[in-house]
Number of protein chains: 2
Amino acid sequence: MSQLRQEIGLSEHLSAAGYRLTAPRRAVLQVLEEARTHLHPEEVLKRARLIYPGLGRATVYRTLALLTGLGLLRPIRLGGSPRLARVTEGHHHLVCLACGHSFSFEECLEGELEEELAQRFNFKIKGHLLEFYGLCADCRGE
Amino acid sequence: MSQLRQEIGLSEHLSAAGYRLTAPRRAVLQVLEEARTHLHPEEVLKRARLIYPGLGRATVYRTLALLTGLGLLRPIRLGGSPRLARVTEGHHHLVCLACGHSFSFEECLEGELEEELAQRFNFKIKGHLLEFYGLCADCRGE
DNA sequence: GCCTTAATTGAGACATCGTCTCAATTATAC
DNA sequence: GTATAATTGAGACGATGTCTCAATTAAGGC
């Protein structure tokens, strides 16, 4: 079953784009693919070093930049802290402006808008981000 | 005419919330209100120093954090660079993942979704951010 | 398998971005 | 005007991210 569900992974995208598949890169990609939350770049480094101990910080950032340029990843901020998200990810966030806490939701309305914008701006749209900002119950003191 | 259009400014919000209206703060607020683009925090500092020369960096960041906590401002990133946007701002962006260029558009679909999420999460929603990510024509080499 | 070669790497200096402390200043209520 | 607590700037500090350069290594041709 899990075999049948196999999708094209990040590494396939990388090598398809002409980049080498090195051990350091594999470690970073594996961490990203196994991550169940939005990781902090330093957290990616920490986790990837468990797989490939000699890994350098620069390599992590370089790999992240590569994936971003290919449209596979996007840098976001959750409560002031830098994070990484797959662009294909389906969910979005409510973010509290005071405490930075975030809550996820699934709804999404951008189908036709996406089409139209892609045409208007001659843009190859890879994904999108929808975030609502406001104050959570705790921070309103309720 | 311009008198009639006068809206409640950032400074009114600040003092209504119990914060003092000092000269350094006024300078920062004025810069934000006159800005026609999404400013980089360091650019806010630079411009505000033209109004109030002695202004310190910390004061700028403190004022920005204050406004963010009140739900009047939100930090965004455009092409990896930190920027500030009024939460009430009506427009959104297409951002190129490769070169960081951004394009604005006006369409917006989140009315009812906003309502529903506010209820579900007991959240006071102040604004939202919608960004599409992809590759612009130049970066696709077309 | 073994070269060749250009892409990739890690270390660590460096740059940028943002926060904190603390003594001095100042807006506001009285 | 005075008292008082909020606010300030300077500059150290911390966090985040970039760059250089010599050493290493993946991938293609043999």
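We name chains A, B, ... by the order of the sequence lines, and we start the count at 1 in each one.
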Next on the checklist: Using whole Å, what does the distance between atom P of nucleotide C/dT8 and atom CG of A/L67 come to?
Outcome noted: 12 Å

Next on the checklist: So A/E116 and B/E107, do their side chains get closer than 4.5 Å, heavy atoms only?
Outcome noted: yes

Checklist outcome for this item: Readout for nucleotides 17-30 of chain D: B = base within 4.0 Å of protein heavy atom, S = sugar-phosphate only, - = neither; 5' to 3' it is SBBB----BBS---

Item to check | Enclosure of B/E115 CD (heavy-atom neighbours >12, cutoff 6.0 Å) | outcome: no

Which protein N or O atoms sit under 3.5 Å from an N or O of nucleotides 1-3 of chain C?
none

Item to check | Co-members of A/Y61 in a cluster of I, L, V, M, F, W and Y side chains, linked at under 4.5 Å | outcome: none

Checklist outcome for this item: Taken to the nearest whole Å, CG/B/L66 to P/D/dT8 is 9 Å

Item to check | Lys/Arg N to Asp/Glu carboxylate O, A/E42 vs A/K46, below 4.0 Å | outcome: no

Checklist outcome for this item: Rounded to whole Å, CZ of B/R49 lies from C1' of D/dT8 at a distance of 13 Å

Checklist entry - Do A/H93 and A/H38 have side-chain atoms, one donor and one acceptor, less than 3.5 Å apart? => result yes

Checklist entry - B/R25 side chain N/O closer than 4.0 Å to the phosphate oxygens (OP1, OP2) of D/dA6? => result no

Checklist entry - Say you draw a straight line from CZ of A/R57 to CZ of A/R49; how long is it, rounded to the nearest 0.5 Å? => result 7.5 Å

Next on the checklist: Tell me whether the rings of A/F132 and A/F105 are parallel (<30°), tilted (30 to 60°) or perpendicular (>60°).
Outcome noted: tilted

Next on the checklist: With rounding to the nearest 0.5 angstrom, report the SG to CZ distance, A/C96 to B/F123.
Outcome noted: 5.0 Å

Item to check | Length of the CG-P vector between B/L45 and D/dG11, whole Å | outcome: 14 Å

Item to check | For atom CG of A/L39 and atom C1' of D/dT16, their distance in whole Å | outcome: 16 Å

Item to check | Distance in angstrom units between A/K46 NZ and D/dT16 C1', rounded | outcome: 16 Å

